[in-house]
Novice: 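Below is the structure I would like to discuss, written out as structure tokens.
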Amino acid sequence: MHASTATVGVIGLGVMGRPMADHLLAARGHLVIHARRPQPELLAAGASWAKTPRELASSVDVLLAMLPDLPQLEELLDGPDGLLAGSGELLILIGSTSSAPAVRALAERLHAQTDGRVRVVDCPVSGGEDGAVAGTLSIMLGGSDDDAAIAAEILAPCGAPVHLGPLGAGEVAKACNQLVVSATILALGEATVLAERSGLDLEALWSLLGGGYAGSRLLDSRREKLVSGDDSPSGIAQYMVKDLGFAADIADATGTAAILLPTLRAAFDEIVADGLGDRDISVTRRFVANRDTAAS
């Protein structure tokens, strides 16, 4: 299999998968897709429609799965119309934020079940919807050298793919990423509340601090939401509960006595329990502002 001549498919055309499909189609000139909802714009741009997962797998050499997690992929694997019923060699690129051990276990099962015909690379991404649209995602690859090289060449139109190690390495990297993101957005929300209650101009504050050590891409992307308090969803907060759970699994597996991780998990569990889980991660401002001091 060569990346330059491989036929590529995408399943999971949501907030992240759809703009990635746009970039792949523009770069390669052809793409095969399967989705629950019609995709007339992609078809008009030259994509081909596969009626079933089986037809999709039979039509492509490489399949990018941008589904929420592994259970959604598992649902599409088996049965007469499942992905595994397709014929031919297939490299599945798993773009979900998932458990590293679970990805490795799935890959082992697929290898055994298909006599090595189906292989796996994990390729979770960071950069949010704006990064997916702009084609500037950070793409974290885990897998064999050969398979990761194919994945990197194919995914290059979507951002910056980097091979970080064996299968599961991408998921470990994404867990580390989410640890930093969750800590940062919680700090930004709390700092915003402190500044607002002290009478500071929030726009001026974050414009100033953004040029110093407190600056980050996360602050750049969420500054307006933090200042205005508009936490309408982009990257929703409840996903952090799952992601931080995967980070905790890695901490346990590596014997790491994490300091921030338990606090962050408790905070995002509380955000969801308060009914704010479907809001953007910048909901940390509202979450902190609404907390009773007796709860802190």
Novice: Which pair of non-hydrogen atoms, one from S96 and one from P124, has the smallest distance, and what is that distance?
Specialist: O-CB, 3.8 Å
Novice: Answer yes or no: is there a donor N or O on one side and an acceptor on the other, between the side chain of S198 and the main chain of L200, under 3.5 Å?
Specialist: no
Novice: Keeping the roles fixed (side chain from D69, backbone from P71), state whether a donor-acceptor pair exists under 3.5 Å.
Specialist: no
Novice: Between D61 (side chain only) and T7 (backbone N and O only), is there a donor and an acceptor less than 3.5 Å apart?
Specialist: yes
Novice: Identify the heavy atoms of G95 and M66 that sit nearest to each other, and give their distance.
Specialist: CA-SD, 3.6 Å
Novice: Do we see a donor-acceptor contact under 3.5 Å between the side chains of S207 and E203?
Specialist: yes
Novice: Do the non-hydrogen side-chain atoms of C123 and M140 ever get within less than 4.5 Å of each other?
Specialist: no
Novice: Just so I know, are the side chains of I150 and I154 near enough to count as touching, which here means a heavy-atom distance under 4.5 Å?
Specialist: yes
Novice: Would R119 and D147 count as a salt bridge (charged side-chain N to carboxylate O under 4.0 Å, His left out) if you check the C-alpha gap in whole Å, the side-chain angles of each, and the deciding distance to 0.1 Å?
Specialist: CA-CA 8 Å; R119 307 189 308 282; D147 287 343; 2.9 Å; yes
Novice: Could you check R265 against E270 for salt bridge (charged side-chain N to carboxylate O under 4.0 Å, His left out), going step by step and ending with a plain yes or no?
Specialist: CA-CA 9 Å; R265 292 189 73 190; E270 190 176 336; over 6 Å; no
Novice: Without swapping roles, check the side chain of H163 against the backbone of G143 for a donor-acceptor pair under 3.5 Å.
Specialist: yes
Novice: Would you check if the side chain of R28 reaches a backbone N or O of A6 as a donor-acceptor pair within less than 3.5 Å?
Specialist: yes
Novice: Main chain of E171, side chain of D122: is a donor-acceptor contact present, judged purely on distance under 3.5 Å?
Specialist: yes
Novice: For the pair K225 (side chain) and S232 (backbone), establish whether a donor and an acceptor sit closer than 3.5 Å, ignoring hydrogens and angles.
Specialist: yes
Novice: Has the side chain of D274 got a donor or acceptor atom that lies under 3.5 Å from a matching backbone atom of L276?
Specialist: no
Novice: Output, in order, the C-alpha distance, side-chain angles, deciding distance and verdict of side chain to side chain contact (heavy atoms under 4.5 Å, CB included) for R222 and I185.
Specialist: CA-CA 9 Å; R222 294 304 194 275; I185 198 63; 4.2 Å; yes
Novice: Before giving the answer on side chain to side chain contact (heavy atoms under 4.5 Å, CB included), spell out for L25 and V10 the whole-Å C-alpha distance, their side-chain angles and the decisive distance to 0.1 Å.
Specialist: CA-CA 10 Å; L25 179 57; V10 178; over 6 Å; no
Novice: Please report the shortest heavy-atom distance between S58 and G86, naming the atom on each side.
Specialist: OG-CA, 3.1 Å
Novice: Hey, does T192 have a side-chain heavy atom less than 4.5 Å from the side chain of W206?
Specialist: yes
Novice: Compare all side-chain heavy atoms of I271 with those of V283 and state whether any distance is below 4.5 angstrom.
Specialist: yes
Novice: Evaluate R285 against D231 for salt bridge (charged side-chain N to carboxylate O under 4.0 Å, His left out), listing each step before the verdict.
Specialist: CA-CA 9 Å; R285 171 185 170 174; D231 50 40; over 6 Å; no
Novice: So, are E190 and R291 salt-bridged, with charged N and O less than 4.0 Å apart?
Specialist: no
Novice: Do Q113 and D78 have side-chain atoms, one donor and one acceptor, less than 3.5 Å apart?
Specialist: yes
Novice: Would you check if the side chain of R104 reaches a backbone N or O of L167 as a donor-acceptor pair within less than 3.5 Å?
Specialist: yes
Novice: So T114 and L84, do their side chains get closer than 4.5 Å, heavy atoms only?
Specialist: yes
Novice: Donor-acceptor check, side chain of H23 to backbone of A132, threshold 3.5 angstrom: yes or no?
Specialist: yes
Novice: Check whether the side chains of D280 and S282 place a donor and an acceptor atom closer than 3.5 Å, and report yes or no.
Specialist: yes
Novice: With a 4.5 Å limit on heavy-atom distance, are the side chains of F268 and D243 in contact?
Specialist: no
Novice: Which atom names give the shortest non-hydrogen contact between S221 and D130, and what distance separates them?
Specialist: CB-OD2, 3.8 Å
Novice: Check G277 against I236 and note the closest heavy-atom contact, atom names and distance.
Specialist: O-CB, 3.8 Å
Novice: Give the minimum heavy-atom separation between A21 and L13, together with the two atoms involved.
Specialist: CB-CD2, 3.7 Å
